[in-house]
4 protein chains.
Amino acid sequence: MATATQSEGSPVINRGRPRDASRDEALRTAAVEVMAEVGYRALTMDAVAARAKAGKATIYRRWESKLDLIIDTCSRLVNRNVPVPDTGSPAKDLRGILRDFSGFLQGPAGKAAQALVGELPHEPELATAFRATFLAHQRSVVLSILQRGVDSGEFDRSAPLELVAEQAAAAICYRLMLTGESLSDEWVDELVDRGLLPMLR
Amino acid sequence: MATATQSEGSPVINRGRPRDASRDEALRTAAVEVMAEVGYRALTMDAVAARAKAGKATIYRRWESKLDLIIDTCSRLVNRNVPVPDTGSPAKDLRGILRDFSGFLQGPAGKAAQALVGELPHEPELATAFRATFLAHQRSVVLSILQRGVDSGEFDRSAPLELVAEQAAAAICYRLMLTGESLSDEWVDELVDRGLLPMLR
Amino acid sequence: MATATQSEGSPVINRGRPRDASRDEALRTAAVEVMAEVGYRALTMDAVAARAKAGKATIYRRWESKLDLIIDTCSRLVNRNVPVPDTGSPAKDLRGILRDFSGFLQGPAGKAAQALVGELPHEPELATAFRATFLAHQRSVVLSILQRGVDSGEFDRSAPLELVAEQAAAAICYRLMLTGESLSDEWVDELVDRGLLPMLR
Amino acid sequence: MATATQSEGSPVINRGRPRDASRDEALRTAAVEVMAEVGYRALTMDAVAARAKAGKATIYRRWESKLDLIIDTCSRLVNRNVPVPDTGSPAKDLRGILRDFSGFLQGPAGKAAQALVGELPHEPELATAFRATFLAHQRSVVLSILQRGVDSGEFDRSAPLELVAEQAAAAICYRLMLTGESLSDEWVDELVDRGLLPMLR
DNA sequence: GATTAATCGAGACGGTACGTCAAGTCTTGAT
DNA sequence: ATCAAGACTTGACGTACCGTCTCGATTAATC
C-alpha cells in the first residue's frame, strides 16, 4: 500500500523537483467530496483529478489505485484525536464516548466506511487496513473505559468486556449502515443503559 | 425496480411469446455462481449471460441493472422458509434461530448482503428492498421468540425487546461484515448468554 | 433465393391456413417506404414489420433475408411494361426511351438500385439478380432501337452498338448515383446528340 | 466529418499528450486490410482495432464512425500523385490516363468507392467528400488532357469536353460497380477510340 | 547561473465492461 | 399452416473508466 509521502529516512538524496505537498491535500479533499457525492462505486479517478485540477498521474504517483487512495484518505479522517472522557463515572464516560463516535460517524467518515464495507471480502489488504484504522482505535478506547469501570469496582470483574465493546460497535455500525436510522444521543443512552450496562452487571 | 415476472393480475391480455421462466432460473443461478466466485464488483453481465448461455438482452429484459439483478437474486435466497424453533425454552429457541441465521449468512447470501451494503446510501430503492428482505424477516422472527419468552414469564415484561432484537442482528452483521470473524456456534451461544439474556433480566 | 409465392406446380396439397397474399403486398410496400426514408443500411426488419403491421416471422416465411426482401421488392418495381417507342426515327426513339428511364430512375427504384450497388461485390447472388433485372432489360430495349437504326440505314453498320448501349446506361447511372446531378430531359438530349449519335456515325 | 490530424494553424496551444501519428497509419492500414478481406458491410470497428492492436477509443478519437474512417482512409488512397502523361498525342494521353485509372480502381480503392456509393443519398457530408476526392481529381486530369488536344487543334474547338470527361468516368464506374466486368486495357482502348474520340470529331 | 531531474496538468493510449440495437429464429394463443 | 406479437441468441455498436504513458512546462537542488 502506497503512502502519499515517503517517510523512511532514505539515504538517497532527492534530486529534481520535489512533490508539491499541497497537491496531497487537494487530492484528498477532492476524493472525500466526490466520495460523499456519488459513493465509492461511482467515484472515478478522472473525477477526482478534475475536481483537484490535477492530472491522473499525480494521483497515481501517490496512491497505487482507487482503493488505495480511498483507504488512505479515510484513515486520515478517522485518526483524529479523541479526548477520552474521564468524569469518574465509567457509565457516563461510556455514554460520552459512544455519543462522540456516533456523531462523528454521521459525517463523511461514516459514509466512506460504509462504502468500503462491500469491498472487504475481496480485498484482503483493504480489510486489514480498514480494521486497523476504523475498528481498532474505537475498540481500544471503549475497552479502556470498561476496564476503568472494572478497576473502580463499578463493573463486575467477570463481565465480558470484549463482548461489550463489540456490541457497542456493532450497534452503532448496524444502525449506521444497515437500518440507516439516525444515531441520536437518546438512542445511544438507551443502548448503554439497557443494552450494555446489563452485561456489566 | 424491475421484477422478473409480473405477478399482478393484469387486465392486459398477454400477446407475443411469453418470457421463458426457465431463463429466469438459469440467470439467477448463474448470477449466484459468478457472485460467489468473483464478488459483486468483478461480476460482469457478460459473465452471467455467458454462464447461463443467454444473451445480455435477456438479462436486461428482466432486470434494469447489475444491482437490480443481484438484489432480486439475493432476495430469493433470503426468503426461504425458516422453521422457527419452539422447544418450550425461549432462550434455547433464541440460540437456535441465531445459530441458523449465522450459518446461513456464512454462505453466498451473506457475501451478497455485504456487497450490497456499500450501495445503500446512494440507492434508496435498493436500501428499501434490502431492509425489507434481509432485515425485516430476521427481526420479526427473533421478536416472536422474545415475545413468547415474555408471555411465558421467562423474560421480563419491561425488557426492551426491540433493542434486543436489534442487538442480536447487529452482533451478527458486525462479525460477518466488519471484523470478518467466523460466526461459530460457540460465539452465538456466548452472545445470547452474556449479551442478550442479561437485557431480558 | 426465396420467392414470395410458391409458383412450382407442386403435387403436395396445401394443408392448414393458406398464406395471406395481401401480406405480400403490404410488406413490399412497407419495405419500399422504409427504404426510401432511411436507405438500405438503416432499414431494419422490425421497422418493415411494424410498418406493415406484420410479425417478423411473416417476412422470413417469404424472404430469406433482408437482402432477399429488398431484391425481390425492387425487381418488381423495375419490371414494368415499358412501351418501346417506335416513331420511325431511331434517334428520336433513343431520346424517348432514355428520357423514360431517367424519369423512372429518379423515383424509388433509382434509390433502391443505388442502395444495392454497395452490396454487389460481396453478394454474388445479389449481383446476378441485380444485373438480370436492373441492367439487362434496359440494355436490350436500347439495343433493339439501335439495331432498328442500323437496319434502316440511319446508323452505321459497323457502329459499336454494345458500347453505345453501355455508354447510355453508364451515363445515366453515373449521374444518378455518383455525381447526384438531376437527369433532366435537356441533359438526356445532349447526351444522345453529342455523346451517343457521334458513335453511330 | 472528422479528420485524423488537425492541420489548421490553431492559435490554441496544444496541451496534453499529442496524438500518436503512427496510430493513424496503423489504423488506416488495418482498415484497408479488413476492408479488402470482408468488405464494408462486414467490417467491424473491433476488427480494425484488433488488427492495429489499438483500443476502439483510439479509433473514435480520430473518426466519428465507421463510415468516416473508411472515407478518410480511401481518400488518401485516391489522392496519390498521378503523373499526367504528356506524349504530344492527346489521344494517346487519354488512353494512358484512363488505363491508369482503371488499373487503380481495380484495387482496394475501387472496392472502397463502391461500398460508399450506397451510402451517398442519405449521407450528404459523405457525398460531398466522396465527390471532392474520388471524382473531382480524375475529372480535372482528364479535362486538362482534352483541353490540350483542343489547343493543339487535334480535337474540335466546339467539342463538349465536360460531357466527354463525364462519359469517360461514367464508363469506368459503370463497368467497375454495376456490370462487374474487368477494366482491361483493350476495353479502355475501345472506349477511347470508338466512344470518346468520335465526340471530339 | 546553468544544468539536471523529478514534478506538474493535460490527455492519448490499450484494454475491458457497459447498456443498446439489429438479424434471424423460435414460441405463444388465436384464426 | 397461417397470423401478430414478441422473447430468444448472437454479436457489433459507441461510451466510459482504469491504470499507464507521453508531451511541454515548471521548479528546486546540484554543479
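Heavy atoms only: backbone and side chains are in, while hydrogens, waters and symmetry mates are out.
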Under the side-chain contact (heavy atoms from CB on, under 4.5 Å) test, which residues partner [X], sequence neighbours left out?
| X | result |
| --- | --- |
| C:T44 | C:D46, C:A47 |
| A:A57 | A:R61 |
| A:T73 | A:R28, A:A31, A:V32, A:L69 |

Next item on the list: Could you pick out which residue, C:A52 or B:G55, lies toward the 5' side of DNA chain F when each is mapped onto its nearest nucleotide?
Entry: C:A52
Item checked: A:R62/A:D24 ion pair, N-O < 4.0 Å -> yes
Notebook entry, point to check: Residues two or more places apart in sequence or in another chain: which of them pass ring pair (Phe, Tyr, Trp, His ring centres under 6.0 Å) with A:Y40?
Noted result: none
Item checked: Closest-nucleotide ordering on DNA chain E, the 5'-leading residue of A:A49 and D:A54 -> A:A49
Looking at [X], does any N or O in its side chain come under 4.0 Å of the phosphate oxygens OP1/OP2 on [N]?
| X | N | result |
| --- | --- | --- |
| D:T58 | E:dG14 | yes |
| D:R23 | E:dG14 | yes |
| D:R15 | E:dC8 | no |

Non-neighbouring partners of [X] that pass salt bridge (charged side-chain N to carboxylate O under 4.0 Å, His left out), sequence neighbours left out:
| X | answer |
| --- | --- |
| C:R23 | none |
| A:K66 | none |
| D:R51 | D:E33, D:E37 |

Check: Nearest to the side chain of D:R19, which nucleotide is it out of F:dA4, F:dA7, E:dA12?
Finding: E:dA12
Note to self: Does the protein touch nucleotides 20-27 of chain E at the base, only the backbone, or not at all? Give it as B, S and - per nucleotide, heavy atoms under 4.0 Å.
What the structure shows: B-SBBBBB
Let me know the distance between [atom1] of [X] and [atom2] of [N], rounded to the nearest Å.
| X | N | atom1 | atom2 | result |
| --- | --- | --- | --- | --- |
| B:K53 | F:dA7 | NZ | P | 23 Å |
| A:D20 | F:dT27 | CG | P | 10 Å |
| A:R62 | E:dA6 | CZ | P | 15 Å |
| D:I59 | E:dG15 | CD1 | C1' | 13 Å |
| B:D24 | F:dA7 | CG | P | 12 Å |

Notebook entry, point to check: Using rotation axes that map the C1' atoms of four end pairs onto the next four (five pairs an end), what angle separates the end axes of the helix from E:dG1-F:dC31 to E:dT31-F:dA1, to 10°?
Noted result: 20°
Note to self: Are A:F130 and A:E119 packed together at the side-chain level, in the sense that at least one heavy-atom pair is separated by less than 4.5 angstrom?
What the structure shows: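 They are not in contact (no side-chain heavy atoms under 4.5 Å apart), so the answer is no.
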